[in-house]
Amino acid sequence: MSKSETQKIQKIAVMTSGGDVPGLNACIRAVVRTAIFNQLKIVGIQHGFEGLIAGDFVPLHAQSVSNIIQLGGTMLKSSRSELFRTKEGRLLAYEKIKKENIDAIVLIGGDGSFAGVNAFIQEYADIPFIGIPKTIDNDIAGTDVCIGYDTALNTAMEAIDKIRDTAESHERIFLVEVMGRDSGYIAYGAGLASGAESILIPETKADIENLENILKKGWNRKKASLIIVVAEGDENGGAYKTAEMVKKYMPTHYVGICILGHIQRGGSPSAADRILASRFGYTSVIALLEGKKNIMVGIQKNELCFTPFEEVKKQHLQINQSTLNMLNALTS
Ligand SMILES: Nc1ncnc2c1ncn2[C@@H]1O[C@H](COP(=O)(O)OP(=O)(O)O)[C@@H](O)[C@H]1O
Ligand SMILES: O=P(O)(O)OC[C@H]1O[C@](O)(COP(=O)(O)O)[C@@H](O)[C@@H]1O
Ligand SMILES: [Mg+2]
């Protein structure tokens with residue numbers, strides 16, 4: 001039997017992996033403070049799985065996380081790691097965990113990171129992991145909302161409001177491309193919140209079929225500006241490709257393009273993200289102390305819940321007929 005199964009957990013580690021989001025520092029703070037409050041030792045693993053493979057550990061104390069709850073980015077850094085996808089990489093990671101006497105790990109990551117840790121625990125079963133979901137794409141099943149989505153959504157909405165000002169003054173059409181590799185959550189949320197005339201997302205094809213109609217109707221009823229929000233992962237290829245289509249429908253109009261890009265990943269986290277991050281961080285350590293392992297913390301219908309890593313999949317935005325009806329009414 002392994003140490004973690006026979007003895008109390010004494011030393012844990014926390015890490016961030018995958019694309020960063022606002023709220024990671026708030027989550028790290030909650031994990032560290034809860035660990036220390038419960039007399040656990042805690043180290044940070046720097047640079048995600050790359051740092052785990054390299055043994056890049058840093059001791060953490062209550063003061064290490066002072067004054068970071070409001071900061072974007074991650075004090076532990078993050079990475080995407082090709083080496084962790086290999087058995088050799090995961091063996092190196094295991095060796096470093098054992099050498100550092102780490103009994104359990106809190107992993108703040110996305111669906112990719114959880115797939116990675118699922119591969120790891122099939123090979124090395126004696127290290128309990130608790131996952132905390134973060135991604136601005138909000139596309140992780142097992143939780144209604146991920147850390148970072150709310151702040152990214154607000155960043156995108158504020159940017160679209162600004163584009164609306166200049167579009168109105170000059171009576172122009174703009175395409176605004178927001179992040180979402182395979183996900184329409186930011187596009188849908190920011191488009192709805194900013195009164196966009198059209199929202200193009202990977203989850204539905206009806207949006208592009210209606211585009212010409214919506215634009216012509218809007219212009220004919222003397223709208224001074226038209227804003228189309230496009231998810232980067234939209235099946236038509238994002239803002240540049242869609243702009244070509246729009247220019248065909250409205251050949252005499254100015255068609256501007258604005259790609260928001262990584263601006264959506266930065267900035268001070270919203271209150272909602274800080275609160276979510278704090279709840280998830282606290283719950284993850286308590287879960288380890290209660291003997292839970294290899295599960296992701298989540299929140300569904302405002303209740304905290306847990307999902308085994310092997311069941312953590314991508315979540316797709318569900319757009320049903322009543323949502324389409326609402327969008328049709330609000331953009332008319
Ligand atoms: N199937 C897998 N097997 C092993 N490692 C994986 C697997 N999928 C992802 N990973 C690891 O997890 C890292 C983070 O995944 P990624 O999809 O980039 O971000 P996120 O965790 O935010 O979804 C990858 O860079 C890789 O090291
Ligand atoms: O910063 P990178 O590595 O280029 O990744 C960009 C991608 O990361 C995201 O911001 C989301 O990343 P995660 O799934 O890792 O949270 C996508 O919206 C975007 O397509
Ligand atoms: Mg992902």
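If you read the sequence from its start, that first residue is 1, and numbering goes on from there. When a ligand or atom number is given, it counts from 1 through the structure's own listing order. Model, not experiment: these values are computed from the prediction.
- Checking R172 against S225 by side-chain atom types alone, no donor-acceptor pair falls below 3.5 Å.
- Remark: among candidates S79, G116, G112, the nearest residue to atom 12 (O) of ligand 1 is G112, based on non-hydrogen atoms.
- Residue contact annotation: G110 has no non-hydrogen atom under 4.0 Å from ligand 2.
- For ligand 1, one of its N or O atoms has an N or O atom of S81 under 3.5 Å away.
- The only member of K96, Q46, K77 that meets side chain to side chain donor-acceptor pair (under 3.5 Å) when paired with D56 is Q46.
- Close approach of ligand 2 to D137 is summarised as follows: ligand atoms under 4.0 Å from at least one heavy atom of the residue are 11 (C), 17 (C), 18 (O).
- Under the 4.5 Å side-chain contact rule for hydrophobic residues, I132 and I69 do not share a cluster.
- The shortest separation from a heavy atom of E82 to ligand 1 is not under 4.0 Å, leaving the residue out of contact.
- Counting only non-hydrogen atoms, the option in R265, H262, Q264, K314 that gets closest to atom 10 (O) of ligand 2 is R265.
- Using a 4.0 Å cutoff on heavy atoms, R90 counts as a contact of ligand 1.
- At least one heavy atom of D111 sits closer than 4.0 Å to an atom of ligand 1.
- Between G19 and ligand 2, an N or O atom pair is found at a separation short of 3.5 Å.
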